[in-house]
Every structure is written in C-alpha cells, then in structure tokens.
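First the structure, in the form of structure tokens, and then the observations on it.
Quantities reported herein were computed from a predicted structural model and do not represent experimental measurements.
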Amino acid sequence: MKAWHVSRYGEPQDVLELAEVARPVPGPGQLLVRVLAAAANFPDALLCRGTYQVRPPLPFCPGVELCGEVAKTGADVGGFSPGDRVIGATVLPHGAFAEYAVMDAATAMPAPAGLDDAEAAPFHVTYQTGWFGLHRRARLAAGETLLVHAAAGGVGSGAVQLGKAAGARVIGVAGGPRKASVVRELGADVVVDRHSEDFVAVVKDVTGGRGADVVYDPVGGEAFLRSTRCIAFEGRILVVGFASGDIPAAALNHALVKNYSILGLHWGLYRQRDPSAVRDCHAELSRLAAAGVIRPLISERLTLDDVPDGLRRLAAGATTGRIVFLP
C-alpha cells in the first residue's frame with residue numbers, strides 16, 4: 001500500500017516520503033481500516049517535527065484521525081464487521097496518511113450517518129475537544145459570553161458551533177477578512193479581525209465592561225496574555241493548545257486578584273481515564289449533527305499526494321476550517 005513515512009524529524013514538506021509498504025496487520029483488540037478520508041491536525045505537524053508529546057519510533061506514518069471502513073478485525077474484537085464505517089484516532093506508527101491504517105477497537109466510533117467521509121474524518125477530535133473543553137472543564141452556561149480564538153480554524157470552528165448550541169453569546173477572533181467571513185458564516189454573534197481590531201476592546205465593549213465568561217484558546221502566546229485583560233469575574237480561560245508556538249507564562253497573582261481560573265484540556269486523557277464519557281459525548285454530538293446543529297467546516301478536499309503541502313500550510317496558519325485527504 002502507499003503511505004507517507006517520517007524517518008527523520010523536520011518540517012512536514014521536508015521529511016515526509018511517499019513509500020510502498022506492507023499493509024499493517026491488526027493486533028489483538030485492533031481494527032485494520034481502509035482509509036476513506038484522513039483529517040489534517042496540528043499534532044500531525046508536531047509529530048513530523050518530533051515535538052509532540054507522543055513520539056512513535058521512526059519510521060512512522062502520521063495522521064492521527066480518520067474516517068475508515070473496517071477491512072479486518074484483530075483477535076478479541078467484537079461489535080465490528082468488515083464494511084463498518086468508523087471514525088476516531090489511529091494507532092501509530094500506522095497513521096491515517098496511507099491507504100490503510102490501524103485503530104483501537106475500544107476507541108473507534110460509528111461514523112455519523114448524515115456526514116460524508118470528508119466531514120466525518122475530523123468530527124471526532126474537533127467536537128470532542130470542544131465538548132469536553134466547554135462543558136466538562138469550563139462549564140459554559142446559556143447566556144454567558146464565549147470568546148473563541150482561531151475561530152476559523154479546526155477546533156476553533158467547532159467551538160463556535162458548540163458555543164451557539166449551548167446558548168452562549170459567541171465572539172470569534174480570526175486573522176484577516178477571509179477568515180472573519182468564515183467565522184460569521186459559522187454563526188458567531190460578534191466577529192473580530194485581529195489584523196485590524198483589538199479583541200480586548202471589542203469584548204469589553206459588547207459585554208459592557210464585564211468581559212468574557214469563557215475563553216477558548218488553542219493559540220497561546222499573546223492571545224492568552226491579552227485574554228487575561230478581558231476575562232470576566234469568575235471567568236475561565238481554557239488552554240487547548242499553542243498553535244502560535246509560544247507557551248506563555250501565566251501571572252498567577254493576576255488570576256488571584258481578578259478571580260479567574262486557568263483550565264487545561266488534554267482531551268486524549270479522557271480516552272484513557274474515562275472512555276465511557278467519550279462514548280456518551282459521541283452519542284450527544286451525533287445527535288447534534290443529525291439535527292443539523294453542528295457540521296464540520298471542510299475547506300479543502302485533497303488527495304493523498306497533497307499531504308506534505310497541506311500540513312505545511314496548516315502549520316503556517318494559512319488554512320481555514322479543516323482540510324481532509326481522500327486516498
């Protein structure tokens with residue numbers, strides 16, 4: 001089969017090599033799936049660089065998330081049959097940027113029926129991250145104000161939709177007119193173009209000086225530091241990631257004086273420590289998708305050959321929504 005391999009660390013466009021390799025064999029508790037669509041995620045670029053918290057042995061095939069069709073089941077697997085359409089995380093080193101990949105049967109989920117393969121591929125990480133962040137960690141309530149950074153991006157676009165579904169007033173921040181237009185189409189109540197507007201001033205203005213109750217921050221750096229200037233009394237800043245490449249140092253004395261909370265989210269830990277909560281969340285998200293309340297924003301449907309350039313542009317912040325590769 002064809003698969004993109006990383007045999008040394010570096011930028012995706014420099015280290016990814018398209019190779020003909022043997023089709024993986026699923027182990028006990030695993031599924032071999034034919035890749036129908038592979039979603040690009042920021043961790044895929046970090047994996048290529050060797051800077052992600054998980055470092056599979058070289059060489060490996062990246063691609064942490066997919067929609068696939070079960071081709072073969074390993075020993076001790078029940079509840080799945082060849083032909084089943086599933087979504088979820090891959091088991092590295094057999095990632096999704098290939099014609100076949102491996103998944104853990106325990107974490108594979110049925111693909112929502114109303115979504116096509118490209119839409120289903122990023123559904124799991126986008127909305128699970130948003131749901132656990134906004135509801136489990138930040139306890140977002142109807143009527144509260146939610147500030148979403150990188151609102152035109154992958155996880156940000158999902159947070160905008162989930163915030164609206166929860167009854168919050170959503171302020172979305174994006175860079176440039178094109179991305180701002182996307183955020184507006186997603187349903188954000190207020191859209192801030194950070195290239196020409198100060199989101200701190202906008203938040204204070206639309207909330208009458210109160211500030212945002214919840215900040216959803218997958219960016220870090222200045223986005224985090226300046227969010228502390230417009231967080232409400234008893235507000236919650238949710239740290240989702242550091243797409244800026246800058247991990248800020250929080251001034252804990254400021255959090256004390258202003259009485260706000262800084263919350264971290266590592267969604268992957270829920271798969272390990274509370275898998276039943278992940279399954280319950282998937283059922284609720286599938287219900288929202290069936291009702292048309294949430295739907296992944298797919299900006300580009302690319303081929304397997306496009307993986308290096310797609311990851312390059314994703315890492316550079318030059319994409320909107322989700323980009324998906326269709327083998």
Side-chain angles (χ1 to χ4, degrees), residues 1-4 23-41 43-44 47 54 56 60-132 154-155 158 267-268 270-272 274-290 294-296 298 301-302 304 307 322-327:
M1 70 170 190
K2 292 181 179 179
W4 285 101
R23 188 179 299 181
V25 177
Q30 294 182 336
L31 305 172
L32 175 68
V33 299
R34 182 172 67 89
V35 179
L36 301 176
N41 285 276
D44 292 315
L47 281 164
V54 176
F60 67 88
C61 175
V64 298
E65 182 182 28
L66 57 71
C67 173
E69 179 184 84
V70 175
K72 187 176 181 180
T73 59
D76 304 319
V77 172
F80 292 96
S81 301
D84 288 348
R85 187 166 165 262
V86 294
I87 62 171
T90 59
V91 177
L92 301 178
H94 305 298
F97 298 150
E99 293 176 316
Y100 287 83
V102 173
M103 304 176 74
D104 273 329
T107 59
M109 302 287 175
L115 302 182
D116 65 26
D117 296 336
E119 293 169 329
F123 183 82
H124 197 58
V125 170
T126 296
Y127 294 108
Q128 288 268 345
T129 301
W131 181 267
F132 274 91
V155 294
W267 169 74
Y270 286 100
R271 290 189 299 162
Q272 300 174 26
D274 196 352
S276 64
V278 174
R279 288 190 290 271
D280 291 343
C281 177
H282 180 71
E284 173 62 12
L285 293 173
S286 296
R287 184 189 68 79
L288 291 174
I294 59 175
R295 195 174 199 92
I298 308 300
R301 299 170 185 241
L302 305 174
L304 190 61
V307 167
R322 303 305 300 267
I323 60 176
V324 177
F325 306 106
L326 304 166

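- Closest approach of A37 to L326, counting heavy atoms only: CB-CD2, 3.4 Å.
- Considering every non-hydrogen atom in both A98 and A3, the closest pair reads CB-CB, 3.5 Å.
- The shortest distance between side-chain heavy atoms of V278 and W267 falls below 4.5 Å.
- Rounding to the nearest 0.5 Å gives a distance of 4.5 Å between CZ of R322 and CG of N41.
- A108 approaches V86 most closely through the heavy-atom pair CB-CB, 4.5 Å.
- Two residues are said to be in side-chain contact when any heavy atoms from C-beta on lie closer than 4.5 Å; I87 and P112 meet this criterion.
- At distances below 3.5 Å, not a single donor-acceptor pair connects side-chain atoms of H94 with backbone N or O atoms of V25.
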Donor-acceptor pairs under 3.5 angstrom involving side-chain atoms of residues 116-123: please list them, not counting sequence neighbours.
unit_1	atom_1	unit_2	atom_2	d
D116	OD1	A118	N	3.1
D116	OD1	E119	N	2.8
D116	OD2	R301	NH1	3.1
D116	OD2	R301	NH2	3.1
D117	OD1	R85	NE	2.8
D117	OD1	R85	NH2	3.4
E119	OE1	D116	N	3.1
E119	OE1	R295	NH2	3.1
E119	OE2	R295	NE	2.9

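- Contact detail for G158 and T126: the closest heavy-atom pair is CA-CG2, 3.8 Å.
- To the nearest 0.5 Å, the span separating OH on Y270 from CH2 on W131 amounts to 13.0 Å.
- Looking at L288 and E284, their side chains come closer than 4.5 Å, going by heavy atoms from C-beta outward.
- Proximity of P327 to Y100: side-chain heavy atoms (C-beta onward) are nowhere separated by under 4.5 Å.
- Contact between A39 and D44 at its shortest, heavy atoms only, is O-OD2, 3.8 Å.
- Between P26 and T73, every side-chain heavy-atom pair lies at or beyond the 4.5 Å cut-off.
- Nearest heavy atom pair, residue P110 against residue H282, reads O-NE2, 2.9 Å.
- In this structure, CG in L302 is found 6.0 Å from CD1 in I323, a value given to the nearest 0.5 Å.
- A distance-only check finds no donor-acceptor pair linking the side chain of T107 to the backbone of G88 [under 3.5 Å].
- Separating the OG atom in S81 from the NZ atom in K72 is a distance of 15.0 Å, to the nearest 0.5 Å.
- With a 4.5 Å cut-off on side-chain heavy atoms, Q30 and D104 count as touching.
- Remark: D84 engages no residue in a side-chain hydrogen bond (donor to acceptor under 3.5 Å, both in side chains) (not counting sequence neighbours).
- Put simply, the side chain of L47 reaches to within 4.5 Å of the side chain of L92, judged on heavy atoms.
- Scanning for side-chain hydrogen bond (donor to acceptor under 3.5 Å, both in side chains) contacts around E99 gives an empty result, with sequence neighbours left out.
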